[in-house]
Amino acid sequence: MRQTEMSGYLKVVTAGVGVLLLVFLFWFLPLVLKEPLTSTAGEGGYRGTCGLIWFSAVPAFLCLIRFWGICESIRKDRSFSMENAVRLKRMSQYMLIDAVLYTGFLVWFFLAGWYQGVAWLVFPVLLAVFISVTLVVLCAALSHLVQKAGRMQEEQELTI
């Protein structure tokens with residue numbers, strides 16, 4: 001598979017993830033959470049939770065934008081560049097923001113006593129924290145590897 005093909009496929013996947021994320025965060029979750037949260041936490045708790053979910057979408061979409069830039073670098077045959085290492089590092093930082101947001105929400109969830117009415121909500125929030133932390137570590141590790149590979153590639157180009 002050539003770089004242009006791989007870049008095209010990755011861009012399609014990135015756009016698909018973006019659309020699915022929009023639908024999930026702005027339609028599905030508010031619809032599913034409305035009744036249980038309004039009965040347990042009231043209208044304010046429901047709106048606050050939706051606000052948190054929508055606010056947490058910002059770092060996720062910033063990650064998708066950064067990944068789109070990585071796809072463009074792949075298309076130009078610049079996969080192992082310092083720009084991509086920086087993009088991956090930023091993605092790691094964005095996901096760290098989400099991990100902190102959802103951890104804070106989990107603490108609030110228990111402090112407010114919501115666990116009594118909607119205990120099932122603990123699992124999706126823990127899953128969001130786990131996925132965020134996993135992406136933090138993955139992006140940070142990839143950033144480090146791309147940076148090292150970029151240095152090696154620069155040294156090789158200077159040698160030739």
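All values derive from a computational prediction rather than experimental measurement. Hydrogens, waters and symmetry mates play no part in the numbers below; they use all other heavy atoms, side chains included.
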- Determine, step by step, whether S73 and R87 satisfy the side chain to side chain donor-acceptor pair (under 3.5 Å) criterion, reporting the C-alpha distance in whole Å, the side-chain angles of both residues, the deciding distance to 0.1 Å, and the verdict. CA-CA 11 Å; S73 292; R87 286 180 181 124; 2.9 Å; yes

- Item | Separation between CE of M152 and CZ of F80, rounded to the nearest 0.5 Å | 9.5 Å

- Note on the structure: The reported gap from CE in M95 to CG in L138 (rounded to nearest 0.5 angstrom) is 11.5 Å

- Give the ring-plane orientation class for F28 versus F24, where under 30° counts as parallel, over 60° as perpendicular and anything between as tilted. parallel

- Following the transitive rule for hydrophobic clusters with a side-chain heavy-atom cut-off under 4.5 Å over Ile, Leu, Val, Met, Phe, Trp and Tyr, establish whether F110 and V125 coincide in one cluster. yes

- Message: Can you tell me how far apart CG (L106) and CG (L101) are? Round to the nearest 0.5 Å.
- Response: 12.5 Å

- Item | Closest approach of N84 to R78 (non-hydrogen atoms, all atoms of both residues) | ND2-O, 3.2 Å

- Given side chains that start at C-beta, do those of V118 and F109 come closer than 4.5 Å, heavy atoms only? yes

- Query: Is a side-chain donor-acceptor pair under 3.5 Å present for S132 with Y102?
  - Reply: no

- Heavy-atom check, side chain of T134 versus side chain of F130, under 4.5 Å: yes

- Check whether more than 12 heavy atoms from other residues, nucleotides or ligands sit under 6.0 Å from atom CD of Q153, and answer yes or no. yes

- Is the closest side-chain heavy-atom distance between I131 and D98 below 4.5 Å? no

- Closest approach of T14 to C71 (non-hydrogen atoms, all atoms of both residues): OG1-SG, 4.2 Å

- Check the pair E72 / K11 against salt bridge (Lys or Arg N to Asp or Glu O under 4.0 Å), numbers first and verdict last. CA-CA 9 Å; E72 193 59 28; K11 285 181 178 181; 2.4 Å; yes

- With a 4.5 Å heavy-atom cut-off, do L121 and L33 have their side chains touching? yes

- For E43 and T38, the nearest pair of non-hydrogen atoms, with its separation, is OE1-CG2, 3.5 Å

- d(S143 OG, L88 CG) to nearest 0.5 Å is 5.5 Å

- Report the C-alpha separation of V136 and Y94 in whole Å, then their side-chain angles, then the decisive distance to 0.1 Å, and conclude whether the side chain to side chain contact (heavy atoms under 4.5 Å, CB included) test is met. CA-CA 8 Å; V136 166; Y94 295 150; over 6 Å; no

- Check whether any side-chain heavy atom of V58 lies under 4.5 Å from a side-chain heavy atom of I97, and answer yes or no. no

- Message: Can you tell me how far apart CD1 (I74) and CD (Q3) are? Round to the nearest 0.5 Å.
- Response: 8.0 Å

- Query: Under a single-linkage definition using a 4.5 Å side-chain heavy-atom cutoff for Ile, Leu, Val, Met, Phe, Trp and Tyr, are L25 and V23 assigned to the same hydrophobic cluster?
  - Reply: yes

- Which atom names give the shortest non-hydrogen contact between W120 and P36, and what distance separates them? CZ2-CG, 3.8 Å

- Nearest heavy atoms of V146 and A85, plus distance in Å: CG1-N, 3.8 Å

- Item | Evaluation steps, side chain to side chain contact (heavy atoms under 4.5 Å, CB included), between R66 and R90 | CA-CA 8 Å; R66 295 282 180 178; R90 292 283 181 250; 4.0 Å; yes

- Item | Side chain to side chain, K89 and C139, heavy atoms closer than 4.5 Å | no

- Message: Taking L145 as the starting point, is it possible to reach I70 by hopping between hydrophobic residues whose side chains are less than 4.5 Å apart?
- Response: no

- Item | Check: L64 and W68 side chains under 4.5 Å, non-hydrogen atoms | no

- Co-membership, hydrophobic cluster, residues W27 and F61, 4.5 Å side-chain: yes

- Message: Let me check something: do L31 and L37 share a hydrophobic cluster, defined by ILVMFWY side-chain heavy atoms less than 4.5 Å apart, either directly or through other members?
- Response: yes

- Note on the structure: Closest heavy-atom pair, F67 versus L10, reported as atoms and distance to 0.1 Å, is CZ-CD2, 4.2 Å

- Is the shortest side-chain N to carboxylate O distance from E155 to R151 below 4.0 Å? no

- Task: Starting from the C-alpha separation in whole Å, work towards a yes-or-no answer on side chain to side chain contact (heavy atoms under 4.5 Å, CB included) for E154 and M82.
- Result: CA-CA 10 Å; E154 285 176 6; M82 292 304 149; 4.2 Å; yes

- Message: Within the 4.5 Å heavy-atom criterion, are T49 and F105 side-chain neighbours or not?
- Response: yes

